[in-house]
Visitor: 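Sharing a structure, written as structure tokens. Questions coming.
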Amino acid sequence: TMDAVAARARAAKTTIYRRWQGKAELVVDSLNSLKGGPEIPDTGSLRQDMRAMADSSTSAESQFGAQATIGMVNALAHDAELRRVFREKFVAPRTAGFRRVFERAVARGGMPDGHDLDLLARLLPALALQQLVLSGELPDARLAHQIMDEVIYPLATVPAAT
């Protein structure tokens, strides 16, 4: 509760509400602090950029525990406001980073034009969530690299379906 946060912070509840409009904003801001901001590599190679994104998404700083992630997924299923804030302030910046990597690859000629870049950008997070649900563990760097190398990169580099 916001009361518990205020008590733990030894601050007035009004102070907490000056910084965050509600619990959803506070939770997502805390999550962003734990995981860090998205890094958008530019190695000049789509494959290397994707591997760098995989490394960033599985670094020790970005992983904060499977149980916390499962708790967040459960909360998202039941809280529309949390889903909205999570989508806008957590998912969107990360998806935009992946999309930027793909846009640069298209501009360099390393990837054919015409793909749904937003769909490609959502694949690693979707497969990471599946791994978490099925195994109770977040993907490690090895699995993230495998997903990038065997799933996303091949999809991104074939001509787009018409």
Side-chain angles (χ1 to χ4, degrees), residues 23-162:
K23 190 170 15 175
E25 285 85 1
L26 179 122
V27 168
V28 172
D29 196 29
S30 297
L31 184 62
N32 273 322
S33 293
L34 287 170
K35 294 199 59 98
E39 295 179 24
I40 306 169
D42 189 2
T43 65
S45 158
L46 175 59
R47 184 180 297 273
Q48 292 308 314
D49 285 351
M50 290 173 59
R51 288 180 74 83
M53 294 286 285
D55 288 340
S56 176
S57 68
T58 60
S59 70
E61 296 82 32
S62 75
Q63 298 230 0
F64 63 97
Q67 292 305 314
T69 305
I70 289 171
M72 184 67 167
V73 170
N74 185 43
L76 289 169
H78 303 287
D79 187 331
E81 176 65 8
L82 181 59
R83 269 194 314 276
R84 182 190 66 75
V85 173
F86 184 74
R87 186 175 48 249
E88 290 173 5
K89 295 187 176 186
F90 188 84
V91 174
R94 285 159 178 78
T95 303
F98 274 102
R99 182 184 172 87
R100 182 71 188 122
V101 165
F102 293 128
E103 288 170 345
R104 281 197 307 250
V106 169
R108 285 191 305 259
M111 182 179 156
D113 198 9
H115 284 287
D116 182 338
L117 302 183
D118 293 322
L119 176 62
L120 288 172
R122 291 190 308 263
L123 286 176
L124 181 62
L127 293 172
L129 181 60
Q130 179 189 18
Q131 168 73 12
L132 176 65
V133 169
L134 294 178
S135 72
E137 296 178 5
L138 294 166
D140 59 12
R142 183 199 60 74
L143 179 58
H145 285 191
Q146 186 178 12
I147 291 168
M148 291 296 206
D149 290 342
E150 296 182 22
V151 178
I152 301 173
Y153 184 81
L155 287 173
T157 56
V158 298
T162 54

Visitor: Go through Glu25 and Glu81 one step at a time and tell me if the side-chain contact (heavy atoms from CB on, under 4.5 Å) criterion holds.
Guide: CA-CA 9 Å; Glu25 285 85 1; Glu81 176 65 8; 3.6 Å; yes
Visitor: Checking His145 against Asp55 for the side-chain contact (heavy atoms from CB on, under 4.5 Å) test, could you report, in this order, the C-alpha distance in whole Å, the side-chain angles of both residues, the deciding distance, and whether it holds?
Guide: CA-CA 8 Å; His145 285 191; Asp55 288 340; 2.5 Å; yes
Visitor: Can you measure from CZ (Phe102) to CG (Leu117) and round to the nearest 0.5 angstrom?
Guide: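 Interatomic distance, Phe102 CZ to Leu117 CG, rounded to 0.5 Å: 7.5 Å.
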Visitor: What distance do Asp79 atom CG and Met72 atom CE have between them, rounded to the nearest 0.5 Å?
Guide: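 If we round to the nearest 0.5 Å, Asp79:CG and Met72:CE are 9.0 Å apart.
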Visitor: Closest heavy-atom contact between Pro41 and Val101?
Guide: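 Distance-wise, the nearest heavy atoms are O-CG2, 4.1 Å.
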Visitor: I need the Leu127 CG to Leu132 CG distance, nearest 0.5 Å.
Guide: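 Rounded to the nearest 0.5 Å, the CG-CG separation comes out at 12.5 Å.
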Visitor: Sequence neighbours excluded, which residues qualify as side-chain hydrogen bond (donor to acceptor under 3.5 Å, both in side chains) partners of Ser135?
Guide: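 So Ser135 forms a side-chain hydrogen bond (donor to acceptor under 3.5 Å, both in side chains) with Gln131.
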Visitor: Quick check with a 6.0 Å cut-off and a 45 degree axis cone: is Arg94 positioned over the face of Phe90's six-membered ring?
Guide: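 Checked: cation-pi criterion met.
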Visitor: Does the pair Asp149/Arg47 count as a salt bridge with the N-to-O cut at 4.0 Å?
Guide: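 A salt bridge is present here (some side-chain N lies under 4.0 Å from a carboxylate O).
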Visitor: Work out which heavy atom in Arg99 is nearest to a heavy atom in Asp118; give both atom names and the distance.
Guide: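 Smallest heavy-atom distance, with atoms named: NH1-OD1, 3.1 Å.
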Visitor: Report yes if some heavy atom in the side chain of Val91 is under 4.5 Å from a heavy atom in the side chain of Phe86; otherwise report no.
Guide: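 Yes. Closest side-chain heavy atoms under 4.5 Å.
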Visitor: I would like to know whether Asp42 and Arg100 meet side-chain contact (heavy atoms from CB on, under 4.5 Å); could you show each step before the answer?
Guide: CA-CA 10 Å; Asp42 189 2; Arg100 182 71 188 122; over 6 Å; no
Visitor: Roughly how far apart are Arg104 CZ and Thr43 OG1, rounded to 0.5 Å?
Guide: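 Arg104 atom CZ to Thr43 atom OG1 measures 8.0 Å (nearest 0.5 Å).
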Visitor: Any chance you could measure Leu119, atom CG, to Thr95, atom OG1, to the nearest 0.5 Å?
Guide: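 Leu119 CG to Thr95 OG1: 11.0 Å, rounded to 0.5 Å.
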Visitor: In this structure, which one of Met148, Arg51, Met50, Met111 forms a side chain to side chain contact (heavy atoms under 4.5 Å, CB included) with Tyr153?
Guide: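 Of all the options given, the one that passes is Met50.
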Visitor: Which atom pair, heavy atoms only, marks the closest approach of Asp49 to Gly44?
Guide: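 In this case the closest contact between Asp49 and Gly44 is OD1-N, 4.0 Å.
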Visitor: Between His115 and Val158, is there a donor-acceptor pair closer than 3.5 Å when you use the side chain of the first and the backbone of the second?
Guide: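 The answer is yes, because a donor-acceptor pair under 3.5 Å joins these two groups.
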Visitor: Applying side-chain contact (heavy atoms from CB on, under 4.5 Å) to Leu123 and Leu155, what does each step give before you reach the verdict?
Guide: CA-CA 10 Å; Leu123 286 176; Leu155 287 173; 3.9 Å; yes
Visitor: Locate the shortest heavy-atom distance separating Ala54 from Ala144; write the atom from each residue and the value.
Guide: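 Shortest heavy-atom contact: CB-CB, 3.7 Å.
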Visitor: Show every salt bridge (Lys or Arg N to Asp or Glu O under 4.0 Å) that has at least one partner inside residues 122-131, sequence neighbours left out.
Guide: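 Matches after skipping sequence neighbours: none remain.
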